[in-house]
Amino acid sequence: MKVKKSGGAGAGAAAAARTEEELGRKTLIGPDDVLGLQRVTSDYLCTPEENVYKIDFTRFKIRDMESGTVLFEITKPAASEREHNDKKDIDPNAGRFVRYQFTPAFLRLRQVGATVEFTVGDKPINNFRMIERHYFRDQLLKSFDFEFGFCIPSSKNTCEHIYEFPQLSEDLIQEMILHPYETQSDSFYFVDNKLVMHNKADYSYSGGP
């Protein structure tokens with residue numbers, strides 16, 4: 001299925017301002033809470049154990065919608081291999097962070113498709129939603145909001161989200177190119193308006209490491 005939702009600078013501005021410290025004291029974090037964040041988080045707002053639905057993203061691909069060019073693609077290893085490696089992994093947040101390396105041309109794209117493939121455990125999932133917020137330093141660049149809908153238990157699902165990017169000024173583009181990994185994002189995943197997953201990423205647009 002395809003899900004399309006526009007996002008742009010200042011999206012989500014109507015939500016009441018929230019700080020990461022405030023949310024860290026809450027027992028239940030909802031969509032309006034993260035829409036009120038004014039900067040990227042320094043830590044994760046939920047633990048891996050809160051993913052009680054066993055949502056597991058197994059494949060991710062980014063393509064330019066205009067040319068069809070694949071810009072990034074990653075597939076997780078087989079579950080048996082991951083389980084073996086996880087036993088040796090001392091970082092409980094391993095797998096929740098991705099570092100992207102793009103060329104400067106990426107910042108001038110207008111529409112990008114992100115295909116995600118994921119599996120779910122033995123619980124049905126109602127109202128599965130992702131809110132993804134992108135920042136350069138402390139400036140909100142884009143806020144995207146996607147609905148996955150209902151997922152049946154023990155299913156494998158594929159969905160393409162269409163990201164419509166706002167036009168950035170040339171000055172801002174140059175700053176983002178000159179300062180790799182200062183562009184960061186938070187991806188918050190909700191089931192029935194409760195935060196169950198939180199992933200983070202940072203970005204370089206300098207064409208290399």
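Below, each value reflects all heavy atoms present in this structure, side chains not excepted, and no hydrogens, waters or symmetry copies. Note that the numbering runs from 1 along the sequence shown for the chain.
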Are [Y] and [X] connected into the same hydrophobic cluster when the rule is that any two of I, L, V, M, F, W, Y join if their side-chain heavy atoms are below 4.5 Å apart?
X: Tyr44; Y: Phe57; result: no
X: Val98; Y: Val70; result: no
X: Leu71; Y: Tyr205; result: yes

I'd like to know if the side chain of [X] and the backbone of [Y] have a donor-acceptor N/O pair within less than 3.5 Å.
X: Glu22; Y: Thr19; value: yes
X: His198; Y: Leu45; value: yes
X: Asp64; Y: Gly68; value: no
X: Ser67; Y: Thr69; value: yes
X: Arg133; Y: Leu37; value: yes
X: Lys142; Y: Tyr163; value: no
X: Glu50; Y: Thr47; value: yes
X: Gln111; Y: Leu109; value: no
X: Asp33; Y: Gly30; value: yes

[atom1]-[atom2] distance between [X] and [Y], expressed to the nearest 0.5 angstrom:
X: Arg59; Y: Lys156; atom1: CZ; atom2: NZ; value: 9.0 Å
X: Arg39; Y: Asp138; atom1: CZ; atom2: CG; value: 4.5 Å
X: Met197; Y: Met130; atom1: CE; atom2: CE; value: 11.0 Å
X: Lys76; Y: Thr58; atom1: NZ; atom2: OG1; value: 7.5 Å
X: Arg129; Y: Glu147; atom1: CZ; atom2: CD; value: 5.5 Å

>> Quick test of your reading of the model: are Glu170 and Arg108 salt-bridged, counting only N-O distances below 4.0 Å?
In response: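 Counted as a salt bridge, because a side-chain N and a carboxylate O are separated by less than 4.0 Å.
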
>> Please evaluate residues Gln139 and Leu172 with respect to the criterion side chain to side chain contact (heavy atoms under 4.5 Å, CB included), reporting the C-alpha separation (whole Å), side-chain torsions for both, the decisive distance (0.1 Å), and the verdict.
In response: CA-CA 11 Å; Gln139 177 184 351; Leu172 181 56; 4.2 Å; yes

Less than 3.5 Å apart, which donor and acceptor atoms pair up between the side chains of residues 187-196 and the rest of the protein, not counting sequence neighbours?
from   : atom 1 : to     : atom 2 : distance (Å)
Ser187 : OG     : Glu132 : OE1    : 2.9
Asp192 : OD1    : Asn127 : ND2    : 2.8

> What are the two closest non-hydrogen atoms of Val120 and Cys151, and how far apart are they?
Replying inline: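 That would be CG1-CB, 4.3 Å.
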
Are [X] and [Y] linked by a side-chain donor-acceptor pair shorter than 3.5 Å?
X: Ser204; Y: Tyr100; result: no
X: Ser169; Y: Asp171; result: no
X: Asp186; Y: Thr41; result: yes

> Could you walk me through whether Asp32 and Arg18 pass the salt bridge (charged side-chain N to carboxylate O under 4.0 Å, His left out) check?
Replying inline: CA-CA 9 Å; Asp32 285 345; Arg18 296 281 187 269; over 6 Å; no

> Looking at Phe144, Phe148, Phe60, which one forms a ring-ring contact (aromatic ring centres under 6.0 Å, His included) with His161?
Replying inline: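 Among Phe144, Phe148, Phe60, the one meeting ring-ring contact (aromatic ring centres under 6.0 Å, His included) with His161 is Phe148.
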
>> Applying ring pair (Phe, Tyr, Trp, His ring centres under 6.0 Å), can you list everything that pairs with Tyr135, at least two apart in sequence or on another chain?
In response: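 None.
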
